[in-house]
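To start, the structure itself, in structure tokens.
Computed from a predicted structure; not experimentally measured.
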Number of protein chains: 2
Amino acid sequence: MVTSKDIAKEAGVSTMTVSNVINGNHQKVSAKNIELINELIKKYHYVPNLSARSLSSKSTKIIGVLVPLEGDYNFFKDPYLSELIGVIEYAIRKKGYFAMIRSVSTVSDISELVKNWNMDGAIFLLPHYDNILHKIISKNNLPLVSLDSYSDYKDVLNVGINDYKGGYIATKFLINKGHKKIAFAGPTKENVVKERFNGYKDALADSGIPYNDSIIYDVSPVYDLGLSIGKEISNRRGDITAVFATADIMGLGIIEGARLNGYAIPNDLSVIGFDNIEASIFSSPKLTTISQNITTKAECAIDLLTEKINNSTVKQNRYVLDVELIERQSVLQYNG
Amino acid sequence: MVTSKDIAKEAGVSTMTVSNVINGNHQKVSAKNIELINELIKKYHYVPNLSARSLSSKSTKIIGVLVPLEGDYNFFKDPYLSELIGVIEYAIRKKGYFAMIRSVSTVSDISELVKNWNMDGAIFLLPHYDNILHKIISKNNLPLVSLDSYSDYKDVLNVGINDYKGGYIATKFLINKGHKKIAFAGPTKENVVKERFNGYKDALADSGIPYNDSIIYDVSPVYDLGLSIGKEISNRRGDITAVFATADIMGLGIIEGARLNGYAIPNDLSVIGFDNIEASIFSSPKLTTISQNITTKAECAIDLLTEKINNSTVKQNRYVLDVELIERQSVLQYNG
DNA sequence: TGAACAAAGTTTATCGATAAACTAAACAAA
DNA sequence: TTTGTTTAGTTTATCGATAAACTTTGTTCA
């Protein structure tokens, strides 16, 4: 293994000079030595040892990407989370940090992980744990950004989307297409979905459509439950003409469930989703949905996090990104 | 930050004794001290610093999970890879190691990564790079297991499935259902697919069906290309009655492409896939496919890898796992 | 001319844990 | 009694890089 000592010896300088070159402290090294050392680094394929670096510098350049794990649930199977993790990893790498992607299930899991690796910061995709966690992590004095949640705990950075608007424009769109019997599918009390639900209710109210409790499906946003909802809706023949699913994957389930029961989509039932995952283009019909730009979201989150890591204070600790409606094929004009 | 020094001082012993307790060298410590130290560890939430540990012990407990990255391609969008990574991470964690999931694009990327982190071992999901890589890595003396490839380089551990059999039984199944005009879709020259292709050809030959070059679609196994193939097949009206897609995601594309062109699946065209990804159950019709148990595959690979890490020699350095056919709805009896 | 300062380094101590070599006490066997 | 062995530790050096403090030489300007 090639170490900085080897390079230093060959260059006839001290290891500190090598260290200064590597870390770009160029004002401390003559131009000649910079060039010489860089050449030797290339020649011997020298790569600094990160363990040693972290140990002495107290900065690991590791950003934890912490994702929920529940039982046997494998987050890589959830297309939204999966895509999101991919772009986050990329954003982290672009900033010169290392992503440590980990599924975590308990609070002590996280605590241990953070201490183990001495992470410089972390990004959370864990809306459920919110309050408990943030306290614990803040105790560790760990810069952290929480994605898709509405944490009020100070020191916690927030990056999310305008969920209220998403819920509002999705519902308004269905209303404008002539629908009045619009079902809602998603966990109405959960952090982000709560806001989408508020948007849904306000859009109905603004159009003078009475809110109807019996067409609210308050369930987790997964494919299987979408399937059941699709079947149930088609059994209620005409009771519901459109449905707003708070996750595309659930919307796809609803479409399939309804279809299995002899419903044609969008002729018999209009469906609008949320997230604009890749699969929403591949489905048939292609899903009309509320789009959030996850790349922008990830970059914004990582920018914010690295700013906090380096300065410890940030200008703004909450960012709300815009959403837009993408019209495809799963919603039809209703003339009932 | 709590260190082993703090624990040692409080317990009235040296740090080595603490270290011995942590690492389970119990024959070096009295029962009384073991208990005392364990209590203090719990009391102060002490977690050993991995950087320090790696630096002194030369063992990082990190296993690199190296995944291909091509341009903007995000592997988290590929459902097969995505699921596979999930189960690999889980298998690694169960063995007491840490997974470092990384997308890599160039050889120097990998070399740098491995050196940077001083990985104990790595698992490769990179069939394309095969030869070049294995040499480089073996130079670093890194235990590594290659998934889904047929590397002949010694020191490289191989875990894969019986691709030949998969290709054979998929094709035979279509033949038994009365099909004779069976297209093949997949990269015929690529490592694993080559074997599936051999199985395909042999199954045809064994049934006396002539091989037809004009119905081989030699393309990458992605959804979009599946779409085009589906469209093309439906344009060739009756020229092809069944297709063997070497990846489910491509099969789903073919189904959709054909359907967009007015073909009904499976009535007008039978489709069989490969991999048995989650989405193959969610599709409509549900996809008949060749199933590989990725959990078993991942566990086998990690078992093998950790064995090599600890013993440096292994009993057997190639494992070939079985495959089976899962019949769902996308293949129909043909009576032409 | 001399004080102040900048440039280009070096030296030393340290991060936290561990491997390897060493010690001391208790006991057994010859 | 002496030697050997086991148990339960401790001490010391080290992993590789870096922060902080220090040195040396050359330059500036009042």
Notebook entry, point to check: Between A:Leu305 and A:Leu157, what is the shortest heavy-atom contact and its length?
Noted result: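 Smallest interatomic distance, heavy atoms only, reads CA-CD1, 4.2 Å.
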
Which pair of heavy atoms, one from A:Thr3 and one from A:Asp6, lies closest together, and at what distance?
->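 Minimum heavy-atom separation between A:Thr3 and A:Asp6: N-OD2, 2.9 Å.
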
Would you mind writing out the side-chain donor-acceptor pairs for residues 9-27 of chain B within the sub-3.5 Å range, not counting sequence neighbours?
unit_1, atom_1, unit_2, atom_2, d
B:Glu10, OE1, B:Tyr44, OH, 3.1
B:Glu10, OE2, B:Tyr44, OH, 3.2
B:Ser14, OG, B:Met16, N, 3.4
B:Ser19, OG, B:Asn23, ND2, 3.4
B:Asn20, OD1, B:Asn25, ND2, 3.0
B:Asn20, ND2, B:Met16, O, 3.3
B:Asn23, ND2, B:Ser19, O, 2.8

For B:Val29 and B:Ala52, take the nucleotide of DNA chain D holding the closest heavy atom to each; which residue's nucleotide lies nearer the 5' end?
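The answer here is B:Val29.
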
Considering only heavy atoms, which members of residues 30-41 of chain B lie under 4.0 Å from some atom of DNA chain C?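 Heavy-atom cutoff 4.0 Å gives no residues at all.
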
**Prompt:** Of the residues in residues 5-26 of chain A, which ones touch DNA chain C at a heavy-atom distance under 4.0 Å?
**Reply:**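 DNA chain C contact set from residues 5-26 of chain A: A:Val13, A:Ser14, A:Met16, A:Thr17.
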
Q) Considering residues at least two apart in sequence or located in another chain, which fulfil the side chain to side chain donor-acceptor pair (under 3.5 Å) criterion with A:Asp322? A)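 A:Lys165.
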
Partner residues of A:Lys297 under the side chain to side chain donor-acceptor pair (under 3.5 Å) criterion, sequence neighbours left out: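 Expected list: A:Tyr80, A:Asp148, A:Gln292.
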
Distance only, no hydrogens: is a donor on one side chain within 3.5 Å (strictly under) of an acceptor on the other, for A:Ser149 and A:Ser146?
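There is such a pair (donor and acceptor under 3.5 Å, judged by atom type) between the side chains of A:Ser149 and A:Ser146.
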
I'd like to know if the side chain of A:Ser59 pairs up with that of A:Asp120 as donor and acceptor (distance under 3.5 Å, no hydrogens or angles considered).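 Yes, a side-chain donor-acceptor pair sits under 3.5 Å.
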
Length of the [atom1]-[atom2] vector between [X] and [N], whole Å:
X       : N      : atom1 : atom2 : answer
A:Leu50 : D:dA17 : CG    : P     : 10 Å
B:Asn49 : C:dT18 : CG    : C1'   : 13 Å
B:Lys28 : D:dT6  : NZ    : P     : 13 Å
B:Leu55 : C:dG16 : CG    : C1'   : 9 Å

Evaluate side chain to side chain contact (heavy atoms under 4.5 Å, CB included) for B:Val65 paired with B:Phe124, printing each intermediate quantity in order.
CA-CA 6 Å; B:Val65 180; B:Phe124 269 58; over 6 Å; no

query: Only one of A:Arg93, A:Lys95, A:Lys94 forms a salt bridge (Lys or Arg N to Asp or Glu O under 4.0 Å) with A:Glu299, so which one is it?
result: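 So, applying the salt bridge (Lys or Arg N to Asp or Glu O under 4.0 Å) to A:Glu299 and each of A:Arg93, A:Lys95, A:Lys94, only A:Lys94 qualifies.
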
* Asked: Does the side chain of B:Lys58 get closer than 4.0 angstrom to OP1 or OP2 of C:dT18 through an N or O atom?
  ->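 So the side-chain polar atoms of B:Lys58 never come under 4.0 Å of the phosphate oxygens OP1 or OP2 of C:dT18.
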
*Once you round to the nearest 0.5 Å, how far does CG of A:Asp275 lie from CG of A:Leu84?*
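That separation rounds to 9.5 Å.
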
Using five pairs at each end of the helix from C:dT1-D:dA30 to C:dA30-D:dT1 to define an axis, what is the angle between those two axes, to 10°?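 For the helix from C:dT1-D:dA30 to C:dA30-D:dT1, the axes at opposite ends meet at about 50°.
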
Using the side-chain heavy atoms of A:Thr3, tell me which of these nucleotides is nearest: C:dG16, C:dT18, D:dA17.
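Among C:dG16, C:dT18, D:dA17, the one nearest the side chain of A:Thr3 is D:dA17.
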
Do the side chain of B:Asn33 and the main chain of B:Val29 share a donor and acceptor less than 3.5 angstrom apart?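 No: the side chain of B:Asn33 does not pair with the backbone of B:Val29.
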
